[in-house]
Amino acid sequence: MATVDVVRSGSAGHTETDNYLTHSKGLLSWLLTLDHKRIGVMYLIATSAAFLLGGFFALMVRTELWTTGRTIMNHDTYNQMFTLHGAVMVFLFIIPGIPAALGNFILPIMLGAKDVAFPRLNLASFYLWMMGATFFLAALSFTGLDTGWTFYTPYSTTDFGTGKDNAIISAVMGVFILGFSSIFTGLNFLVTIHTMRPPGMTWFRMPLFLWAIYSTAIIQVLATPVLAITLLLLLVEKTLGFGIFDPQLGGDPVLFQHFFWFYSHPAVYIMILPAMGVISELIGVNCRRHIFGYRFIAYSSVAIALLGFLVWGHHMFTSGQSKLASVVFSAITFSVAIPSAIKIFNWLSTMYKGSITFNAPFLYALSFMFLFTIGGLTGLFLATLSVDVHLHDTYFVVAHFHYVMVGGALTSFLGGLFHWWPKISGKMYSETPARISALLVFLGFNLTFLPQFVMGTRGMPRRYYNYLPEFEPFHQWSTIGAYVLGAGALLAFATVIHSIFRGKPAPMNPWGGASLEWTCSSPPPHNNFDKAPSVEDCYDYDKLVWDEKTGGYLMRK
Amino acid sequence: MLPILLASDSNTDPWLNWFWYQMPPQQLSPFAKGVDATYYFIYYVCVFFFVAIMAAMTYFCIRYRRKHPGEMVDKNAPTHSSFLEAAWSIIPSILVVPMFYWGFTDFMDMRSMPDGAYNIGVTGQKWNWTFSYGNGKGIVGGKLENVDWHDKKSIIRDLPAMHVPVNTDIVLTMNSKDVLHSFYIPVFRTKQDVVPGRYTKLWFRADRTGQYDIFCTEYCGDKHSEMLAQLVVDTQEDFDKFYNRVTNLVILFPDPVKRGEYLFNTRGCSQCHSLDGSPKANGGPSFLGAWGTEVSFEDGTSAKMDENYIRESVVNPQAKIRKGFGKIMSVGLLSKDEEFEGIIAFIRDLNEKAKK
Ligand SMILES: [Cu+2]
Ligand SMILES: [Cu+2]
């Protein structure tokens, strides 16, 4: 090894002690920072907190379902619990989790840039998010909203005197503020990727994570305004009494579902595309193999983003929408399945003739492959009109979207967190507990949701407080699984936090990644790179050399 | 003790039973068979791809595991292959075509109402279902109260039961009085949302008698999970008995006054007769305070408003025409004794009410 000529320090050429964490001190230096890395870390803390909160609600729901009849809470509390669980997980964790937290930290460094295009907008988006989150949580808990995260009218707009009357408006307002933060982030990323790529980084030399974030940003910017329109219509109906959604005023309650899913279906891709981007990186690096079919993966991200706008009606096959509309939506939905399948096959081929290491990030990636394949395949049942009529609004749907959202977004969030943690914190986490956490999450997850497929197929409707006694064994397995999953997730966070205090210092490039974030020190200096680095192939691992001494990889000169 | 994961109440093919995604054991309508066939087609395609992908993944993990951190990979391993990529775009695209097609044809079947079907009205209201037979002649409802959720018999006992005759096309015309609900019958593999301010329809034909579950599947608030019902498929004879029982006015309204009021409102009398003392335009006399009075006719005669006069006026309205009114009341609006008993009691009772 000693004969190979290597680059020993980060390309920035700064002193090792100056990094973004030590660059300035004091609480205000964090709260008012314009550094994308610090903003990313703040987002990371906030979204992780939201995840733990949502997870707590999930465990409450599962605990209540341990037996049919009352277990620990009454009808009303149960309904609020699943509403809180869904709303917090979707709007506060899954949507912002990967793009705003990991994306903010990694994206500019991957691009070899000093920061995002609009650092102030970035900070504004964080505070907007905090405002939105506070407002949303307050709205949900003070009004006791129990509509589920879908807020369907007229249940959500009529309340029969319980005082929940305007809950829908404050909740949608909360979602809208959060959405605005999401637009800011999306816009920022779009401009950054367009204008700040370093010399040599053509579109097709960008890491796939960036393609994924780019596609996500398109959706964020285009879909979120629909929320504003919905909010406006709700307000007009409430204050001026125009019948829009309320049948008592001559409105059409099904119209709300169109508006809701016109935003929320694309939002599903806001949740899953970044996850796919993370997985592309994890698989490339840990198989040490040029990602297979790069262009196909990149194009399929964009294809998913665009097609994602045309399928919202597949949530409404039984709503009473016209037969023709249902048929068209079904057909387009099948077409979204293809780009997702392409990705799975490309990742699989990347493993062929690779050199595979089983660190925690890769275990999470494997678990993603397993879970997302099931999630994607079970989507075929739901895209098929006649079969969906049977399965719609049963536990089958619940299981399906958890396989996609949790199996997809959560595993890649945790995988990505472990993967980039040495970069973010400058510390190595300890591998064994991290691997155990991956295993627990995987086992717990399957134990929770596989029985739900069975229940759904056999006709168990979702959002049920009581259920017929024949479903009890399945519910009990599911509840046990949820606790195992919860333990796994807690262990993952504990491992990460433990490393802050006890972790060994991280080398510049612990995994042998070839994209730019691995060419600056861990943690990166305040400016990331003093001058824009030049870029070759970010999936060419041949240029890396293992260095026993630092326990990391070095770049050949 | 831990519940048994694969616990199953079905006695079907043990091979199918082993699989997790098994459809409910009974199929009861023409489209249940089609839905299940499509379902299993998709299921086997999924199992095939899932097993293949996982097998390849496992094999690669073992075969290509890294033995030393410095290990390098074969530089000549391909990084893309137009042939493979075309293959795995095209093959899945072909496989989804039959899924879409079968799903589409069965769906059209479910959503196209047959002609000449037997009609039942369904009303959803927080949190129970009511079924109406013979255009409202018979109403069936019920509510769950104090059930033991671990005892299915106790749940079924209190639930409203929708009776239908076997081997007959049934069309449900459904409406909601408040929020969205959804009417779901797993054995028929069908469901349809029930929307306020709009009528939605659902049809099926049961080819076997028996009793099955019905659920509300659109979240509708607190007791959404208690908005259940039972489907009872009867033989034609049993159904006729059921029909006569629920439409029998004496059973439904033992009190003749109530029965009369019901008839007055549902048999069209209220279109021509008022209850406020003044006659309706192009209609008949008001019934208020009419009982026992002497009424005069076009031909100059008169009679007392009593049981026999009321009965005659309905059986043969043209026999005596009241002064100032036309020959417009139709024949045969009421025919049964219990109906006359009701309407007479109702009209007589109006006098009592007027006095108060
Ligand atoms: Cu969707
Ligand atoms: Cu309901």
Side-chain angles (χ1 to χ4, degrees), chain A residues 68-69 75-76 148 152 154-155 247 253-254 288-290 292-293 296 318-320 323 327 330-331 334 337-338 341-342 344-345 348 351-357 369 373 377 380-381 384-387 389-390 392-393 450 453-454 457-459 461 463-466 468-470 473 476-477 546, chain B residues 3-5 7 9 20-24 35 38-39 42 46 50 53 56-57 60-61 64-66 69-71 73-74 77 79-80 85 88-89 92-93 96 99-100 103-104 106-107 110-111 149-150 152 179-180 186 189-193 195-197 200 215 217 219-225:
Chain A
T68 178
H75 288 89
D76 201 29
Y152 274 13
Y155 181 72
V254 179
R288 192 166 295 164
R289 178 101 140 67
H290 191 291
F292 191 90
F296 251 66
T318 69
S319 70
K323 282 186 275 196
V327 171
S330 163
F334 276 111
I338 310 301
I342 290 174
I344 292 276
F345 288 124
L348 196 62
M351 294 170 69
Y352 171 69
K353 289 200 170 177
S355 163
I356 304 174
T357 179
M369 293 269 283
T373 303
L377 287 172
L380 294 175
F381 293 89
T384 305
L385 284 165
S386 64
V387 179
V389 170
H390 176 60
H392 180 72
D393 269 338
L450 273 180
F453 280 124
V454 190
T457 312
R458 295 184 186 180
R463 296 175 170 173
Y464 263 31
Y465 169 80
N466 293 311
L468 296 182
E470 60 256 36
Q476 299 197 340
W477 280 107
W546 168 246
Chain B
I4 300 166
L5 189 52
D9 49 346
W20 277 31
Y21 313 138
Q22 194 209 333
M23 289 301 242
V35 170
T38 313
Y39 178 91
I42 303 172
C46 290
F50 180 70
I53 292 169
M57 192 175 99
F60 294 160
C61 281
Y64 302 114
R65 70 189 179 282
R66 189 178 298 172
E71 192 176 88
V73 302
D74 178 1
T79 59
H80 83 101
E85 282 167 325
W88 61 53
S89 321
S93 309
V96 299
M99 297 179 193
F100 167 74
F104 158 67
D106 279 342
F107 179 75
M110 287 175 183
R111 292 294 185 253
W149 281 96
H150 284 95
K152 188 152 182 187
V179 299
L180 295 173
R189 315 284 188 267
T190 191
K191 75 164 65 71
Q192 172 64 51
D193 285 8
V195 184
T200 51
F215 300 100
T217 45
Y219 177 70
C220 56
D222 261 15
K223 294 196 174 150
H224 168 53
S225 67

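As the structure is a computational prediction, the values presented were derived from the model and not from experiment. Proteins come first, then strands; the chains are lettered A, B, ... in the order of their sequence lines, and each starts at number 1.
- Proximity to chain B involves both the backbone and the side chain of A:Ile342, based on heavy atoms less than 4.5 angstrom apart.
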Determine, stepwise, if the pair A:Leu377 / B:Phe50 fulfils side-chain contact (heavy atoms from CB on, under 4.5 Å).
-> CA-CA 8 Å; A:Leu377 287 172; B:Phe50 180 70; 3.9 Å; yes
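- A 4.5 Å side-chain heavy-atom check between B:Ser89 and A:Phe296 finds at least one atom pair inside the cut-off.
- Here A:His75 pairs with A:Tyr465, A:Asn466, B:Asp222, B:Lys223, B:Glu226 under the side-chain contact (heavy atoms from CB on, under 4.5 Å) rule; sequence neighbours left out.
- Residue contact with chain A, scored on non-hydrogen atoms closer than 4.5 Å, involves the side chain of B:Met110 exclusively.
- Side-chain atoms of A:Arg288 come within 3.5 Å of backbone atoms of B:Pro69 as a donor-acceptor pair (strictly under, hydrogens ignored).
- The shortest side-chain heavy-atom distance between A:Leu380 and B:Met99 falls under the 4.5 Å cut-off.
- Per-residue heavy-atom pair counts under 4.5 Å with chain A were compared for B:Ile53, B:Thr200, B:Thr190, and the maximum is reached by B:Ile53.
- Side-chain contact of B:Arg66 with A:Thr357: a donor-acceptor pair under 3.5 Å is absent, judged by distance alone.
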| message | For a side-chain contact (heavy atoms from CB on, under 4.5 Å) check, start with the C-alpha distance between A:Ser330 and B:Phe100, then their side-chain angles and the critical distance, and finish with the verdict. | response | CA-CA 7 Å; A:Ser330 163; B:Phe100 167 74; 3.4 Å; yes
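- The candidate with the highest count of non-hydrogen atom pairs below 4.5 Å against chain A, out of B:Asp106, B:Val195, B:Thr38, B:Val96, is B:Val96.
- Counting only heavy atoms from C-beta outward, the side chains of B:Trp88 and A:Ile344 never approach each other to under 4.5 Å.
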For ring-ring contact (aromatic ring centres under 6.0 Å, His included), just list the numbers for A:Tyr152 and B:Tyr219, CA-CA rounded to whole Å, side-chain angles, deciding distance to a tenth of an Å, and then say yes or no.
CA-CA 9 Å; A:Tyr152 274 13; B:Tyr219 177 70; 9.8 Å; no
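- Between the side chains of B:Gln192 and A:Thr318, not a single donor N or O lies within less than 3.5 Å of an accepting N or O.
- Comparing B:Phe107, B:Phe60, B:Tyr64 by how many heavy-atom pairs each has under 4.5 Å with chain A, the most go to B:Tyr64.
- The residue among B:Lys191, B:His224, B:Arg65 with the most heavy atom pairs within less than 4.5 Å of chain A is B:Lys191.
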Do A:Val389 and B:Arg189 pass the side-chain contact (heavy atoms from CB on, under 4.5 Å) test, and can you show the C-alpha distance, the side-chain angles, and the key distance before you say yes or no?
-> CA-CA 7 Å; A:Val389 170; B:Arg189 315 284 188 267; over 6 Å; no
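- Looking only at side-chain heavy atoms (C-beta outward), A:His390 and B:Pro186 come within less than 4.5 Å of each other.
- Applying the side-chain contact (heavy atoms from CB on, under 4.5 Å) criterion to A:Pro247, with sequence neighbours excluded, gives A:Pro154, A:Pro253, B:Pro196.
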